[in-house]
Amino acid sequence: MRILIHIDDADQWREALASRLPEAEIFTSDQDAVDDIDYLAVWKPPAALLERQARVKGIVNLGAGVDALLNNPGLPQDVPIVKLRDAGMGELMADYVRYGVLHFQRDFDRYQRQEASAEWREIPVVAKVDWGVGILGLGAIGTHVAQSLAADGFSVHGWSRSPKQVEGVTCHHGDDGLNELLGRVRTLVTLLPDTQSTRHIVNADTLAALPEGATLINPGRGPLVDESALLEALGPGHEEGRLRGAILDAFPTEPLAADNPLWAHPRVRITPHMAAPTLIEEAADQVADTLRAWEAGEPVTTVDREAGY
Ligand code: NDP
């Protein structure tokens, strides 16, 4: 089996895969152009690489989100794609979201503002059980996050395309399900893929359906959120608007432009798409298992190109 890797830390990936797949010949895309490749293991490859390798048996996306790959103009039509499923990212994401939820539930945002004017005032705590958290997207990562927060004692609601049952989580689906969820949550977390049907799912209407003073955490994808509706719902300055605050990790264009008003907004926290980076060792286990199964003709779960995830 001949594998070609394209990712920033390709040498590390090559070592990790070589130790798990001793039978494979593994190349990185910075080596001289190689042909007769069976599988690509890639993250944001150039279109020319995909065009050149159009006859591969399969492509492994070295991340959980496939939006960049599916939008790549060089992507061959009929080649099956496999993406990473959790592979350790669920726990990193759960930490990110937990930090964000606690930031608001334990009023760290408000204490930060009080600190600026040396104001010593304790704010009564809202119990976790009375703090509804809505997770949009109950996939490999979303489910892990939802269950972690439920185990912490928060009242967790989840939303997916198809009906789901997740222990400890109130599950909703479809348009009606979304409205039910929105009315009940103080923190909305977006862990959906970026597809045609999820773009701007957080818009003026969805934000208006949240209770007054709700909060938003978006570690999913930038296009999920309509930025002007978000700024409108936040209102300007330190005074809390309909939306109390937001924590954002993903943006339609990254890096986020220096003149984007979100940087300067006092009730917005920004992180540079760091919520759940791919962990090479855990991911390499999964990639090696997938490639072995693929090569043996066993079933593997592939990306639904039409659905976009
Ligand atoms: P999955 O593909 O496993 O799951 C996607 C979930 O979204 C599924 O529950 C799916 O529903 C649901 N969904 C998709 N479309 C719709 C829709 N139109 N309406 C309602 N629900 C929908 O994704 P992961 O959990 O692995 O990852 C989620 C996202 O997190 C990734 O796509 C990526 O964008 C982001 N991410 C961000 C990272 C970061 O560092 N910031 C790191 C890793 C991921 P159903 O179950 O019914 O199919």
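For ligands, and for the atoms within them, numbers begin at 1 and follow the listed sequence.
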(request) With Arg113 as reference, evaluate Glu119, Glu239, Glu240 under the salt bridge (charged side-chain N to carboxylate O under 4.0 Å, His left out) test and give the passing residue. (result)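 Per the salt bridge (charged side-chain N to carboxylate O under 4.0 Å, His left out) rule, the option paired with Arg113 is Glu240, out of Glu119, Glu239, Glu240.
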
(message) Among residues at least two apart in sequence or on other chains, which ones pass ring pair (Phe, Tyr, Trp, His ring centres under 6.0 Å) with Phe104?
(response)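 Residues passing ring pair (Phe, Tyr, Trp, His ring centres under 6.0 Å) with Phe104: none at all.
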
(request) Test Arg55 against Asp35 for salt bridge (charged side-chain N to carboxylate O under 4.0 Å, His left out), laying out the working first. (result) CA-CA 10 Å; Arg55 289 201 304 276; Asp35 287 309; over 6 Å; no

(message) Salt bridge check, Arg98 against Asp152: does any charged N sit closer than 4.0 Å to a carboxylate O?
(response)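 Result for this pair is yes, salt bridge flagged.
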
(message) Taking the basic N atoms (NZ, or NE/NH1/NH2) and the acidic carboxylate oxygens, is any pair closer than 4.0 Å for Asp38 and Arg2?
(response)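 No salt bridge links Asp38 with Arg2.
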
(message) Are the side chains of Pro277 and Leu92 in contact, using a 4.5 Å heavy-atom criterion?
(response)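 Yes, side chains in contact.
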
(request) Could you please provide the protein residues found below 4.0 Å of ligand 1 on a heavy-atom basis, arranged by chain and number? (result)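 Residue list for ligand 1: Ala64, Gly65, Lys83, Arg85, Met89, Met93, Gly137, Leu138, Gly139, Ala140, Ile141, Gly142, Trp159, Ser160, Arg161, Ser162, Lys164, Leu191, Leu192, Pro193, Ser197, Thr198, Pro219, Gly220, Arg221, Asp249, His273, Ala275, Ala276, Tyr309.
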
